[in-house]
Amino acid sequence: FQVAHETRPFVVRAGSSEVVATGTLFDVSLIGGRTTVLLLEGSVEVRSKDDRRKLERLTPGQKLIVAASAPAERRQAARGEAAWPTRMLEFDNTRLD
């Protein structure tokens, strides 16, 4: 997600977590009950969707893995993980068949 700076937050709900951003570039994936948040620019808060308590605040280059059955795990992004925006393809008014 690439989020413009605004006063109202942009919220992504994935699994048992919420990611809250007000102007940033980040990636969220939900695979097998595990939510992974990778921050590329700016800052985000990751919190529990159920009780809305703050879990973690990430800085660029960090990722957080959250599973309902385990404590949150913070890691540095692997070398190629933070490069995905430069490899994106854009299609405007193009049929994908």
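Below, each value reflects all heavy atoms present in this structure, side chains not excepted, and no hydrogens, waters or symmetry copies.
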Under 3.5 Å, sequence neighbours excluded: what are the donor-acceptor pairs made by side chains of residues 33-40?
{"from": "Thr35", "atom 1": "OG1", "to": "Ala14", "atom 2": "O", "distance (Å)": "3.0"}

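- In this view, Ser43 and Arg57 satisfy the side-chain hydrogen bond (donor to acceptor under 3.5 Å, both in side chains) rule, not counting sequence neighbours.
- Residue Val20 belongs to a hydrophobic cluster whose other members are Val11, with links defined by side-chain heavy atoms closer than 4.5 Å.
- With sequence neighbours excluded, no residue forms a side-chain hydrogen bond (donor to acceptor under 3.5 Å, both in side chains) with Ser69.
- Of the residues listed (Val12, Val28, Val46, Leu30), the one engaging Ser17 in a side chain to side chain contact (heavy atoms under 4.5 Å, CB included) is Val46, and it is the only one.
- A search for side chain to side chain contact (heavy atoms under 4.5 Å, CB included) contacts involving Arg75 returns Lys63, Ile65, Glu73, not counting sequence neighbours.
- With rounding to the nearest 0.5 Å, the separation of CD in Glu45 from CZ in Arg47 is 7.0 Å.
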> Between Glu56 and Val66, does a side chain to side chain contact (heavy atoms under 4.5 Å, CB included) hold up when you go through it step by step?
Replying inline: CA-CA 10 Å; Glu56 301 281 343; Val66 181; over 6 Å; no

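- In terms of the side chain to side chain contact (heavy atoms under 4.5 Å, CB included) criterion, residue partners of Val3 (sequence neighbours excluded) are, by chain and number, Phe1, Phe10, Phe26.
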